[in-house]
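The structure appears below as structure tokens.
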Amino acid sequence: MSLVQSLVAFGLPSILTLALGYGGYKIISLMVPHNPTPLKISRFEAGNVPYGEGRLWFPLQYYGYLLMYVTIEPILILLFAIASAPLLGNFILFRNLMIIIGSFIVLIYPVMYYSITQINIIQNWELRQ
């Protein structure tokens with residue numbers, strides 16, 4: 001299997017999935033009318049119209065750690081699969097797996113950067129009343 005075949009086998013379905021999902025979103029957003037009213041955009045508490053200030057602000061201090069776990073976990077599963085593959089005598093398999101790992105790292109780097117910046121935001125760690 002050549003490099004072009006492996007790129008088409010992994011890249012084409014992902015590109016088609018993203019294109020179909022975005023196209024479906026755009027078609028649905030064009031079909032559904034967008035008429036925001038004050039009642040539609042207001043928040044509700046247990047189905048009732050709210051009054052006064054909220055009692056407690058919900059802290060999101062562990063959001064960055066959750067993002068880091070969700071992004072690193074698929075790479076670890078892939079590394080376990082690579083560790084069990086017979087790579088010593090098969091350079092083509094090794095090359096294809098390294099291409100997959102490299103593409104994962106390129107795609108995950110922005111998510112990791114965002115999650116680390118979310119962890120360092122002090123306002124997410126304090127409880128507000």
Side-chain angles (χ1 to χ4, degrees):
M1 185 158 88
S2 68
L3 179 61
V4 175
Q5 288 175 337
S6 63
L7 289 176
V8 168
F10 287 109
L12 191 60
S14 61
I15 290 172
L16 287 176
T17 302
L18 290 173
L20 288 174
Y22 183 73
Y25 167 74
K26 279 302 200 183
I27 289 171
I28 290 173
S29 67
L30 291 174
M31 290 172 40
V32 176
H34 181 69
N35 300 323
T37 62
L39 186 61
K40 285 184 180 179
I41 60 173
S42 65
R43 61 183 178 92
F44 286 88
E45 294 177 1
N48 300 317
V49 178
Y51 59 92
E53 291 291 322
R55 284 191 272 168
L56 185 64
W57 180 76
F58 186 70
L60 295 172
Q61 69 262 30
Y62 297 112
Y63 178 66
Y65 292 111
L66 176 70
L67 279 177
M68 288 176 63
Y69 172 74
V70 170
T71 54
I72 289 177
E73 192 257 341
I75 289 181
L76 292 176
I77 298 301
L78 187 64
L79 288 175
F80 279 124
I82 290 171
S84 65
L87 298 176
L88 294 176
N90 195 348
F91 178 73
I92 295 172
L93 177 64
F94 178 74
R95 182 193 66 194
N96 291 341
L97 291 174
M98 288 299 118
I99 289 172
I100 293 170
I101 289 177
S103 63
F104 269 139
I105 290 172
V106 167
L107 291 174
I108 284 176
Y109 182 76
V111 177
M112 293 296 291
Y113 178 76
Y114 176 74
S115 63
I116 290 171
T117 56
Q118 287 296 311
I119 291 170
N120 291 330
I121 295 176
I122 300 298
Q123 286 82 13
N124 291 342
W125 288 89
E126 59 188 26
L127 287 175
R128 292 184 229 161
Q129 299 255 356

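Starting from 1, each residue takes its place in the sequence as its number.
With rounding to the nearest 0.5 angstrom, the OH atom of Tyr25 is 9.5 Å from the CG atom of Leu30. Atom CD1 of Ile72 and atom CG of Leu76 lie 7.0 Å apart (nearest 0.5 Å). How far CZ of Phe10 is from CD1 of Ile15: 13.5 Å, rounded to the nearest 0.5 Å. Taking CD1 of Ile100 as the reference point, atom CD1 of Ile105 lies at 12.5 Å (rounded to 0.5 Å). The structure places OG1 of Thr71 at 11.5 Å from CG of Leu107, a figure rounded to the nearest 0.5 Å. With values rounded to the nearest 0.5 angstrom, Leu67 atom CG is found 11.0 Å from Ile116 atom CD1.
The cluster map of Ile, Leu, Val, Met, Phe, Trp and Tyr, joined by side-chain heavy atoms under 4.5 Å apart, puts Tyr114 and Val111 in different clusters. If you chain together hydrophobic residues whose side chains sit under 4.5 Å apart, Tyr22 and Ile28 never meet in one group.
Using a 4.5 Å heavy-atom cutoff, the side chains of Val8 and Gln5 are not in contact.
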Next item on the list: Kindly determine whether Leu3 and Ser6 satisfy side chain to side chain contact (heavy atoms under 4.5 Å, CB included), including the steps that lead there.
Entry: CA-CA 5 Å; Leu3 179 61; Ser6 63; 3.9 Å; yes
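Under a 4.5 Å side-chain heavy-atom cut-off, the cluster of Ile, Leu, Val, Met, Phe, Trp and Tyr residues that includes Tyr69 is completed by Leu66, Val70.
Tyr109 is linked by a side chain to side chain donor-acceptor pair (under 3.5 Å) to nothing, counting only residues two or more places apart in sequence or in another chain.
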